[in-house]
2 protein chains.
Amino acid sequence: MVTLKQLAKELNVSISTVSKALNNSEEIGEETVKRVKELAELYNYKPNRMALSLKQNKTKTIGVIIPNILNHFLAKVLFGIEREATKLGYNIITCISNESLETEKASLQLLASGSVDGFILCVSEETQIKNEIDHFKKTISQGLPIVMFDRVAHDVMCDKVIVDDFDATYNATKNLLLENRKNIVFISNIDDLSVGKLRERGYNKAILENGGQDPLVLRIFKKDDHQKKIKSFFRKNNTIDGVVSADSSSAIIAINSAINLGKKVPKHMSVIGFASKSDSNHTLPRLTTIRQHAKVIGANATQLLVNRLQNMHLNEDVRTIIVKTSLVKNKSTLL
Amino acid sequence: MVTLKQLAKELNVSISTVSKALNNSEEIGEETVKRVKELAELYNYKPNRMALSLKQNKTKTIGVIIPNILNHFLAKVLFGIEREATKLGYNIITCISNESLETEKASLQLLASGSVDGFILCVSEETQIKNEIDHFKKTISQGLPIVMFDRVAHDVMCDKVIVDDFDATYNATKNLLLENRKNIVFISNIDDLSVGKLRERGYNKAILENGGQDPLVLRIFKKDDHQKKIKSFFRKNNTIDGVVSADSSSAIIAINSAINLGKKVPKHMSVIGFASKSDSNHTLPRLTTIRQHAKVIGANATQLLVNRLQNMHLNEDVRTIIVKTSLVKNKSTLL
DNA sequence: CTGAAAGCGCTAACAC
DNA sequence: GTGTTAGCGCTTTCAG
């Protein structure tokens, strides 16, 4: 890596002259600027980012902490964050908390010591269960803004980007009721999470408003054999004619299990689930999906953070952006 | 962020005393060390990473450039990299090339100017097609080691971690031949990639060796409607009794399409595909899968890089690690 | 127009 | 034992 010092030496000028020339300062003579720029070009000079960061006390880097990168939704948000960050001239340092509070804390700590200008994060499961928020508050009070997305800690004052989870399942369930479905089950493998709870409540509300049946919830746990659990549930509850799923995997398995049991989808059973476009290709008929617009969420979060970083002095009020889901109707439902 | 300077001032000692005390230098008096550490603890002092990086000319950060984070295999490798890097005391900066040569170049350039100590990357599709390697060579000659995984540029001298793609499909196809399948098709949506080509060749070899049929390849392109293409292929080629798939999506769609057309899997048709465990849950019967051990690949790549970083002076020979796939037999095949 | 010097936060060789 | 100083690469004020 060539430095200003080396360029200066070779050109027989001072370091500051080189620096100014490269930064198009008006102070430097035209001729000198030309000479400097040519040599810099030749040697492919790029200012050292660490030195710049140290000097300017900003890193142009965003710390991203997500609980699980193998979750397709979270990966997609990360994609959105990366793309927007790159566009705005920021890099991202990614840490994976693995749903662990300790790991989340450690990553926050580590990156807070000068590696990043701020954070975008999705709260880990353990953190949500234990309702710990001190580490977030501490980070913010150190002058590092945080933007939370999807799973957020409501008691932390910071910018947030969330999904209208409640409305999404409420509307999806309403849709199935409109199809005159009489026995709709809600399937979830994320009932520990804030968003999982919201989704369940949306379903509950729609069912209770309608009054035709009682809410019926099938909870899937990590240790379960998902296929076996769903299939045997359908076998025992033979009158199920509708499924609302809080996650994509359960929805896919639900359709395939129903077909395996000889049912026709959507003739005998309609299925709606939170999923992405590629997921919906994994069933025939294609899954009617609740889309969360993950990339938009990532982009929004990034914009919120960068905006705050660039207006730190203004001390703006915190904002919460709600990204509306949309219901993409495919062939696993009638209407 | 509290600095050494502030601690020194408050303790009425010099900056270097504080620094030495915190670094357990033998030079400093016991009493002083204690005072310093207590205050540092109180203020939660952490050395500034940028300053350290600048001083020591190493960032303890790895640049990771991957073509597409929405690809489950790549996301999983990233997960493996992150976990191993964290374990070894490194952070990762992630850039997504989006399969674009230009983006890949830009990321490499940007991070090479002092942000990272080295790179782990998977070559983008465009880069492979155009067979460009200058940017890699340049980076390496600047003193930044590169480790390539999965899709590699063979003409670049660097450490590599690859998969035995050829053997994997060769063996998988052999397996179907052992089941006495007579009309086996190879389905791929990645035939542009080096790994896609290797997988096809493995299939070809097994088929040709056997001599019962000619190789038969169905290529899926991004713009295609994958479901439609596979389903109509099966309709037109009604005697297909075996599928080897180079990607998970095609395998899943193949099974579900076959079932949709009234065939029994694996009675009438066996299917094997590259896929992960979670993918194999998306069909009933579960997909017999070729597992690539993505996390292991990520961990190996990280170890190679860190090892090289820590032994830069030794100038060791480059190494290529081949991570063997394994064939996980589920119920979409007979044997 | 150009250069010297200070300083970002830290470490380490070298005084005292 | 503790402090002074130089220097990592850069920007920027202030002198010349």
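Just so it is clear: chains get the letters A, B, ... in the order the sequence lines come, proteins before strands, and each one is counted from 1.
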Handout entry: B/S/- contact track for nucleotides 9-16 of chain C, protein heavy atom under 4.0 Å
Key = BBBBBB--

Atom-pair distance ([atom1] on [X]; [atom2] on [N]), nearest Å:
| X | N | atom1 | atom2 | value |
| --- | --- | --- | --- | --- |
| A:N24 | D:dT11 | CG | P | 12 Å |
| A:L11 | C:dG3 | CG | P | 10 Å |
| A:E31 | C:dT2 | CD | P | 9 Å |

Is there a donor-acceptor contact under 3.5 Å from the side chain of [X] to the main chain of [Y]?
| X | Y | result |
| --- | --- | --- |
| B:R151 | B:V123 | yes |
| A:E82 | B:I96 | yes |
| B:D117 | B:T59 | yes |
| B:N23 | B:S19 | yes |
| B:S107 | B:T103 | yes |

Practice task
Count the heavy atoms of every other residue, nucleotide or ligand shown that sit under 6.0 Å from CG of A:N311, and state whether that count exceeds 12.
Solution key: yes

Exercise for the section: May I ask you to verify if any side-chain N or O of A:T17 is less than 4.0 angstrom from the OP1 or OP2 atom of C:dC1? Expected result: no

Problem - side-chain N/O A:S14 vs C:dT2 OP1/OP2, d < 4.0 Å - result: no

Practice task
Remember a base hit wins even if backbone is also touched, and classify B:S53 as base, sugar-phosphate or nothing at under 4.0 Å, heavy atoms.
Solution key: nothing

